[in-house]
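The structure appears below as structure tokens.
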Amino acid sequence: MNTSSGNALDSTITQQPTADGPFGFGYTAAVAQYFKDHPCPGATGAGRVVRVDRNLLLVAVADGLLHLPYPLTGEPAVTGDWVWIGPNRAGDRQILAVLPRRSELSRKRAFEDSSAEQVLAANMDTVGVVVPVDRPLTHNRLERTLVAAWDSGATPLVIITKADLAQVADDVVGKVILQAAGVEVVTTSAEHGDGIDELLVHIPAGGTIVLLGPSGAGKSTLINSLVGREVQHTGEVRSGDFKGKHTTTSRELVPLANGTVLMDTPGVRGFGLFDAEDGMDEMFGDVEELAARCRFADCGHGNEPGCAVREAIDVGSLPERRWQSYLKMQREIAALARRSDVAAQRAYYREWHQKVVSVGKSQRWAEREVAEKRDQAGGKRRKRTR
Ligand SMILES: Nc1nc2c(ncn2[C@@H]2O[C@H](COP(=O)(O)OP(=O)(O)OP(=O)(O)O)[C@@H](O)[C@H]2O)c(=O)[nH]1
Ligand SMILES: [Zn+2]
């Protein structure tokens with residue numbers, strides 16, 4: 001089943017779960033059902049990975065937080081993962097299995113070799129793309145980030161920050177709405193506390209949101225407003241006095257009063273896309289490097305002489321499928337830039353999203369299932385890299 005559109009995570013927080021689970025951490029009726037759909041022999045309860053520590057996982061369960069070792073088989077768990085909990089031989093609780101992810105943020109997601117992909121966080125419903133008004137919008141960066149956000153399986157939401165800086169705000173807001181191509185846009189000012197409630201309305205009840213944005217965009221400040229206390233040190237604090245303000249910088253899930261779960265995962269916040277010169281570089285840096293080495297600057301990478309891309313494909317150093325992914329991403333972005341009709345964009349995005357969800361995800365899951373079966377059959381234990 002694939003329900004990564006976010007809305008599918010139904011709002012009802014039932015008090016009669018099929019498996020005991022951590023309610024404050026997004027354990028909704030829909031999630032309970034998801035556990036039911038993915039049964040695990042010997043499991044006695046549901047949990048969610050709140051934080052990844054070096055040797056242990058901090059896992060929220062129905063009756064609190066547990067520090068548990070990594071499960072012995074399968075992929076390493078990441079922040080946001082739903083896990084089955086059950087007793088080990090000694091009767092202590094352990095993680096028995098990680099449920100298939102509904103969404104995930106990962107680096108190198110478009111690479112041919114999916115094992116090279118590093119998953120950073122899982123099961124977010126909303127990807128908040130944070131855009132501050134106090135700096136110019138870089139061409140295409142927002143679109144590219146949105147494409148990546150859609151590709152995660154979650155629903156993007158553009159969050160404009162620092163709207164109190166009025167002299168520049170209107171201009172930027174207008175441009176963002178155009179560039180966001182049908183994705184919902186909320187305008188906030190953490191300074192004045194504006195837009196925070198509206199922001200929460202855009203997240204499905206019990207849903208999980210992760211914020212992505214460039215350094216200084218106001219993510220920490222926004223997080224503090226959402227949580228209602230200091231959980232992050234902000235730029236201001238960092239440059240001055242840390243004392244008393246800096247409480248945590250570790251990656252974790254933070255339950256908010258209204259049932260929303262904030263995924264504050266520092267490694268994810270920049271997500272490469274923003275910090276790189278250009279989002280495309282991060283995902284397809286090697287491809288762009290190759291293309292730059294073609295004899296002709298305007299090489300179409302078809303039959304031109306001296307085409308470095310074709311050569312790489314021919315000798316097998318650039319997998320054909322990866323090249324196709326690159327072309328596809330380019331086409332999507334070009335199409336987005338051309339569209340100006342909001343309704344059309346919305347329809348386009350929905351369709352695209354559906355496509356990504358139904359084809360991409362099920363493929364990845366199918367691959368994962370095959371890998372799991374293989375692991376089980378061979379009784380192999382994959383080595384942990386952390
Ligand atoms: N005027 C105004 N300034 C803001 C607002 N939100 C954040 N800022 C300022 O913007 C600066 C950067 O904010 P942060 O919250 O640290 O930004 P960040 O995105 O967490 O940055 P990194 O931690 O580097 O990723 C700080 O000086 C904040 O005080 C706002 O709503 N209005
Ligand atoms: Zn070429």
Side-chain angles (χ1 to χ4, degrees), residues 120 127-135 141 145 158-170 172-173 176 186-199 209-242 245-252 254 262-276 284 286-315 317-318 320 322-324 326-327 330:
L120 302 170
V127 172
V129 178
V130 179
V131 181
V133 300
D134 62 352
R135 66 182 73 179
R141 179 177 283 178
T145 310
V158 175
I159 304 169
I160 294 175
T161 53
K162 313 190 193 184
D164 53 288
L165 301 172
Q167 63 277 21
V168 285
D170 288 350
V172 174
V173 173
V176 166
V186 292
T187 304
T188 66
S189 164
E191 195 85 348
H192 294 169
D194 293 337
I196 305 298
D197 291 341
E198 203 212 327
L199 166 55
I209 181 171
V210 65
L211 300 179
L212 304 181
S215 182
K219 298 179 297 295
S220 305
T221 310
L222 193 59
I223 286 168
N224 290 339
S225 304
L226 285 166
V227 178
R229 65 185 157 88
E230 296 277 326
V231 288
Q232 281 292 315
H233 49 232
T234 61
E236 235 166 38
V237 178
R238 197 165 7 194
S239 57
D241 175 23
F242 277 83
K245 295 214 176 179
H246 169 198
T247 55
T248 175
T249 53
S250 56
R251 41 178 73 186
E252 57 184 336
V254 184
L262 183 71
M263 183 180 277
D264 185 22
T265 305
V268 167
R269 300 157 93 224
F271 194 45
L273 284 163
F274 280 101
D275 300 326
F284 291 107
D286 55 331
V287 179
E288 303 215 309
E289 218 170 89
L290 271 175
R293 276 195 253 134
C294 294
R295 186 177 306 161
F296 304 112
D298 62 347
C299 184
H301 317 302
N303 296 315
E304 290 91 340
C307 174
V309 172
R310 275 288 140 212
E311 270 165 33
I313 292 171
D314 287 346
V315 302
S317 61
L318 174 64
E320 173 73 29
R322 192 162 139 62
W323 172 240
Q324 291 305 328
Y326 173 75
L327 291 179
Q330 295 259 313

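Please read these numbers as outputs of a predicted model, since none were measured by experiment. Remember, it's 1-based here, ligands and their atoms both numbered in the order they're listed.
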Roughly how far, to the nearest 0.5 Å, is the CG atom of Leu262 from the CD atom of Glu252? 9.5 Å
Checking the N or O distance criterion of under 3.5 Å, is ligand 1 in contact with Ala163? no
Tell me the protein N, O or S atoms under 2.8 Å from the Zn ion (ligand 2), in chain and number order. Cys294 SG, Cys299 SG, His301 ND1, Cys307 SG
Check each atom of ligand 1 against the heavy atoms of Thr221 and keep those under 4.0 Å away; list them by number with element. 6 (N), 7 (C), 13 (O), 14 (P), 15 (O), 28 (C)
Do any side-chain atoms of residues 294-309 form donor-acceptor pairs under 3.5 angstrom with protein atoms, and if so which ones, sequence neighbours left out?
from	atom 1	to	atom 2	distance (Å)
His301	NE2	Cys299	O	3.4
Glu304	OE1	His301	N	3.4
Glu304	OE1	Gly302	N	2.8
Glu304	OE2	Gly300	N	2.7

If you measure from each heavy atom of Ala217 to ligand 1, is any distance below 4.0 Å? yes
Per-residue contact class, Leu165 against ligand 1 - non-hydrogen pairs under 4.0 Å: side chain
side-chain contact (heavy atoms from CB on, under 4.5 Å) partners of Asp194, counting only residues at least two apart: Ser189, His192
Please find the pair of heavy atoms, one from Glu198 and one from Val186, that lie closest to each other, and give the distance. OE2-CG1, 3.5 Å
Is there side-chain contact between Thr161 and Thr221, with heavy atoms separated by less than 4.5 Å? no
Test item: Asp264 and Leu211 side chains (from C-beta on) under 4.5 Å apart, heavy atoms: no
Look only at interatomic distance and state if Thr161 has a nitrogen or oxygen under 3.5 Å from any nitrogen or oxygen of ligand 1. no
Heavy-atom closest pair, residues Ala217 and Gly213: CB-C, 4.5 Å
For Asp164, which part has a heavy atom under 4.0 Å from ligand 1: side chain, backbone, both, or neither? side chain
I need the Leu199 CG to Ile159 CD1 distance, nearest 0.5 Å. 4.5 Å
In ligand 1, which numbered atoms sit nearer than 4.0 Å to a non-hydrogen atom of Ser189? 31 (O)
Mind checking what makes side-chain contact (heavy atoms from CB on, under 4.5 Å) contact with Glu311, not counting sequence neighbours? none
